[in-house]
Every structure is written in C-alpha cells, then in structure tokens.
Amino acid sequence: MAQQHLDPTAGPVAGDTLAAYLQAQATEFLRALRQHRETGGATATATNGAEEAVDAARALRRSARRISGTLHTFRPLLDEGWSEGMRPELAWLSGTLAREHAYGARLERLLAALHRLSGSSAFPAQAPDPDSHPGTHPSARAQLPSEKGALTVGAAKAGALLERQLTLARTRAHSAALQALGSSRFHAVADNVAVLASEVPLTASASATGLKPLAAAAEERLRDAVSGLPLITAGHPYNAEALVHGLSADTAPQPQDSPWHQVRLLLRLHRYACEVRFGDEAPVDVRLLTAGQALDQHRDAAEAAAAAASAARTPRIAPATAYALGVLHADQRHEVEAARFAFQRAWMRETVGTP
C-alpha cells in the first residue's frame, strides 16, 4: 500500500518525527554533559572563568525540560513504563540545576529594586524601563520625601540581609547540584538519555497515530487553564485583592499565583509540542512569545516578593530594615500585577501572520 505524504505528521511518519526530536534533544543533553565535565562542573560560578560551565548547565536544563515535556504530551506514542519512569527523573535534574541560577537572579533583582526605590545611583543599567511594565502606574513608584529618607536608612541593611540569605541559599544549591551530578541517580538518568539518543521506545500505535491530535490537546489544556484566570481583573493595572494578600502577615503562598504558574508550564508544553510537529519550521507566534515572557516576569516577581517577605520575618531586625523590606515586598507584588496585566494584553491580542 502506498504511503500518504500530504501530512508530514500523519501515519507512520509521526513516530519518526517524534523519535527524531527526542534523539536530537538527547544528543544535545549528552553534548552539554560532556562540556560540563570538561569545564570542571562549576555550574554557575562564572567569576572563576566558568562561562562555558554555565552554558553547559543551561543546555542540560533546556534539553531535560524538552525531553520531559515531550514525554508528557506524546505519552500515548511511547512505552508507558519507560516514559513514566523517565519524566520525574528529568524534572528532578532540571529543578536541581535551576536553583542556583534562580537564587542568583533573585538576589540581583531584589538589590536592583532596592537601589531604585531608595534613589541610589547604583546599578543604573538594571533599572527597569517603565514602558516595559504597562500595568505599573507612575504613582505606584512615587514616594514622599520622608518615606524616601526612611527607606534609604534601612535599604543598605536590607540589601545586606538579602545578600547573606540568598548567597547562602545559592551556595547550598551549588553544592546540591554538584552532589546530584555525581550521584548514581544522575548516572542512571544519563544512561537512559544515552539509550534514547539511539533508540526511542515507541508503541505499536505510534505508526497509526498522528502528532496533531496530541499537540492540539496540549493547546486545549492551555486554553482551559487561561480561561480560569481572572483576566478581567488582570486587565486593570491594580488588583486590590491580590495586593491585600501580598501585604498580609500570612506566610502561606499567594493563593492567586498558582494558577498563573500552571499556565506558564502549560504554555511551555504547548511550545515544545509545536517544536516536535514543525521542527525548525515552527511558526513564530509573537502573541504566545510575549505572553510567555510576561509569565516569566510574573514568576520572578512572585518569588522575589516571597524572598523579601521571608527576610522581613528574620528575628530582631531593625525597624528601618523591616520597613525597607516591606516596601520591597510591596514593589515586587506590584510587578506581579504588572506582569498579569501584560499577559492579559498579549493573550487577548489577535494572532497575526501565523498559520
């Protein structure tokens, strides 16, 4: 029987397309691992001339996320026992390697915000452009001179406290990453990825199932999750309810943040599914790209706000230090609202020029 070639992701070609993508990502994983070993394993200490190690760790996370996401989206086409055992291990690896970078970026973000809020001229290049945060009204940044002075008094000690706490957390994350990369658990993951680079365990149904229905299901899950977000509320620059939660003394995670974080993960899975289907010819959807950037900003601001709140709970800190941390926490929650506002604008925009 002659094969049909009208749809490159239909019929038996679907399994080949999926296998080629997974093998390419597995090859990238092994290449990054080799580079990481050659550079001595200094995952993020670029000050010691380890830029290549930083790039290698980033490539490891990137390929691990893509393999894991693809196994999730297209799991009906793959051996169930193998894929279900592989996914959590890749998630563990990606999360472990990401923590060190996350702590460093969080500290840089918080210190830059402290300098901006206190009127310091330090780190001028890191001061955010107000036009890049359409949800942030200038009045949200304005402070009375007396408030500015009170903030300046505590800003230095607040910055020092944040630097001590987040540097310690980063150091521990660095040690944990090195320990993980030398563990038998990681070596088992690397061995499985090496096997994946040469052979993908497809099911018998992979030859009769197209990629499009499974990719469409991933997109539908994303749309369902977005429909549950308070986009009407996010359409306004300020969300009073969320700010009340953000300024409360409750140590529980912000109740409104979790659905947004889930949408960010689903958007990533949708993007990976498009990469599998179209490869290098994947259409560029500026709308989804902008929405994804807004969700990244949302995640970063929410985690920075939580770090500021945690520092403010340190026992026996000076009132001026606590005040500065409170202002910093509120500022980052405003950034969370700005990111939601930016996502709402991007998501509601019509898709132009994409098939």
Is any side-chain heavy atom of [X] less than 4.5 Å from a side-chain heavy atom of [Y]?
| X | Y | value |
| --- | --- | --- |
| Y323 | V327 | yes |
| Q256 | V336 | no |
| L166 | R170 | no |
| L110 | Q332 | yes |
| L325 | I317 | yes |
| R34 | R37 | no |
| L93 | T96 | no |
| L71 | L22 | yes |

Heavy-atom closest pair, residues [X] and [Y]:
| X | Y | result |
| --- | --- | --- |
| R333 | D257 | NH1-OD2, 3.0 Å |
| L214 | P76 | CD2-CG, 3.9 Å |
| T73 | A218 | CG2-CB, 4.0 Å |
| A190 | L30 | O-CD2, 4.2 Å |
| A215 | R277 | CB-CD, 3.5 Å |
| A180 | F186 | O-CB, 3.0 Å |

Measuring from [X]:[atom1] to [Y]:[atom2], what's the distance to the nearest 0.5 Å?
| X | Y | atom1 | atom2 | value |
| --- | --- | --- | --- | --- |
| E303 | Y103 | CD | OH | 9.0 Å |
| H72 | S68 | NE2 | OG | 9.0 Å |
| L178 | H174 | CG | NE2 | 4.0 Å |
| R66 | L90 | CZ | CG | 13.5 Å |
| L222 | S227 | CG | OG | 9.5 Å |
| Y21 | L211 | OH | CG | 12.0 Å |

Side chain of [X], backbone of [Y]: donor and acceptor closer than 3.5 Å?
| X | Y | result |
| --- | --- | --- |
| T167 | R164 | no |
| R349 | R287 | no |
| S94 | A91 | no |

So which pairs with a foot in residues 314-324 pass salt bridge (charged side-chain N to carboxylate O under 4.0 Å, His left out), sequence neighbours left out?
->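 As it turns out, there is no salt bridge (charged side-chain N to carboxylate O under 4.0 Å, His left out) pair with a partner in residues 314-324 once direct neighbours are skipped.
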Salt bridge or not for [X] and [Y], using N-O below 4.0 Å?
| X | Y | result |
| --- | --- | --- |
| E220 | R223 | no |
| D224 | R221 | no |
| R268 | D296 | no |

Would a single hydrophobic cluster contain both [Y] and [X], if residues Ile, Leu, Val, Met, Phe, Trp and Tyr are joined by side-chain heavy-atom contacts under 4.5 Å?
| X | Y | result |
| --- | --- | --- |
| L265 | W92 | no |
| M348 | L266 | yes |
| L162 | L168 | no |

Do other residues, nucleotides or ligands put more than 12 heavy atoms under 6.0 Å from R185 CZ?
-> yes
Is it true that atom CD of E84 has more than 12 heavy atoms of other residues, nucleotides or ligands lying nearer than 6.0 Å?
->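 Yes, because the 6.0 Å sphere around CD of E84 holds more than 12 heavy atoms from other groups.
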How far apart are the C-alpha atoms of D331 and R116, what are their side-chain angles, what is the distance that settles it, and do they pass the side chain to side chain contact (heavy atoms under 4.5 Å, CB included) test?
-> CA-CA 11 Å; D331 173 76; R116 168 171 50 81; 3.1 Å; yes
Using ring-ring contact (aromatic ring centres under 6.0 Å, His included) as the criterion, list what pairs up with F343, not counting sequence neighbours.
->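 Scan of F343 (ring-ring contact (aromatic ring centres under 6.0 Å, His included), adjacent residues dropped) gives W260, W347.
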H261: ring-ring contact (aromatic ring centres under 6.0 Å, His included) partners, not counting sequence neighbours =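 ring-ring contact (aromatic ring centres under 6.0 Å, His included) check on H261 returns H298.
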Could you tell me whether the side chains of Q165 and S310 share a donor-acceptor contact shorter than 3.5 Å?
->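 No donor-acceptor contact under 3.5 Å links the two side chains.
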Please report the C-alpha distance between V263 and L295 in whole Å, then the side-chain angles of each, then the deciding distance to 0.1 Å, and finally whether the side chain to side chain contact (heavy atoms under 4.5 Å, CB included) criterion is met.
-> CA-CA 8 Å; V263 167; L295 291 174; 3.8 Å; yes
May I have the step-by-step check of side chain to side chain contact (heavy atoms under 4.5 Å, CB included) for T70 and L78, ending in yes or no?
-> CA-CA 10 Å; T70 302; L78 298 158; 5.7 Å; no
Let me see the working for R61 and R58 under side chain to side chain contact (heavy atoms under 4.5 Å, CB included), right down to the final yes or no.
-> CA-CA 5 Å; R61 299 199 310 267; R58 185 180 299 111; 4.0 Å; yes
